Amino acid sequence: MESKQRIGVLFVCLGNICRSPMAEAVFRHMVAEEGLVDQFLIDSAGTGNWHIGKPPHHGTRGILDQYGISYEGLKARQVAATDFSSFDYIVAMDVQNEKDLRQLAQSTHAQIVKLLDLVPEAVNKEVPDPYYTGKFEEVYELVSRGCAALLERIRQEAQLD
Ligand code: 4NP
């Protein structure tokens, strides 16, 4: 039997406790609903190192609980040099994350994209940081739309079974 490489998707924000773990959990949930779990490698990381080892922020946990989405086992980590060879899509939450990622990436085959650039109707192309705004519901809605658009983009570009 031929074995195909998994498609690697890494979500990145600043702290890896609010936005990117929410995106990871929502994307995992969508991929599971579509029966595509075996075809993906999904993770998240932060450009900063303050929260390494911590679970998602209680605001992120609260909203995911509300929507019945698991965040079991998620723990913050920092972006590593090896991420640029392990993942195919590196998905930034805001323009600063994207800038930092492009600076960290020496050379990479990965596509570095900003999540809301994938959503044509999104007026604001950045996922606002709920660590400062407290608006976790707004972030959930943006992240959900972005993740749906990302899955659609990957469907167009990759050969999913
Ligand atoms: P996140 O939010 O990037 O969405 O995880 C933040 C979490 C923590 C900090 C900043 C942003 N912080 O400065 O500790």
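All ligand and atom numbering here is 1-based and tracks the order in the structure. As the structure is a prediction and not an experimental result, all values here were calculated from the model.
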*Not counting sequence neighbours, which residues clear ring pair (Phe, Tyr, Trp, His ring centres under 6.0 Å) with Phe40? List them please.*
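Phe40: ring pair (Phe, Tyr, Trp, His ring centres under 6.0 Å) contacts with Phe27.
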*asked:* Contact between Arg153 and Gln111 at the side-chain level, heavy atoms closer than 4.5 Å - yes or no?
replied: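 Arg153 reaches Gln111 side chain to side chain.
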*Should the proximity of Met93 to ligand 1, defined as any heavy atom under 4.0 Å, be assigned to the side chain, the backbone, both, or neither?*
neither
*Where does Asp129 meet ligand 1, judged by heavy-atom distances below 4.0 Å: at the side chain, the backbone, both, or neither?*
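The answer is the side chain.
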*Mind checking whether His29 and Tyr67 have ring centres under 6.0 Å apart?*
no
*asked:* At less than 4.0 angstrom from any non-hydrogen atom of Cys18, what atoms of ligand 1 do you find?
replied: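 Atoms satisfying the 4.0 Å criterion: 1 (P), 2 (O), 4 (O), 5 (O).
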*Where ligand 1 meets His51 - atom numbers and elements under 4.0 angstrom, heavy-atom basis*: 8 (C), 9 (C), 12 (N), 14 (O)
*Looking at atom 1 (P) of ligand 1, what's its closest protein heavy atom, distance included?*
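Protein heavy atom with the smallest distance to atom 1 (P) of ligand 1: Cys13 SG, 3.5 Å.
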*Can you tell me the protein heavy atom closest to atom 13 (O) of ligand 1 and the distance?*
Tyr132 OH, 3.4 Å
*Out of Asp43, Asn16, Asn49, which one pairs with Arg77 under the side-chain hydrogen bond (donor to acceptor under 3.5 Å, both in side chains) rule?*
Asp43
*List, by chain and number, the other hydrophobic cluster members for Ile112, where Ile, Leu, Val, Met, Phe, Trp and Tyr join if side-chain heavy atoms come within less than 4.5 Å, directly or indirectly.*
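Leu10, Val12, Leu41, Val79, Phe84, Phe87, Ile90, Leu101, Leu104, all in the cluster of Ile112.
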*Using distance alone, decide if ligand 1 has a nitrogen or oxygen within less than 3.5 Å of any nitrogen or oxygen in Leu14.*
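Such a contact does occur with ligand 1.
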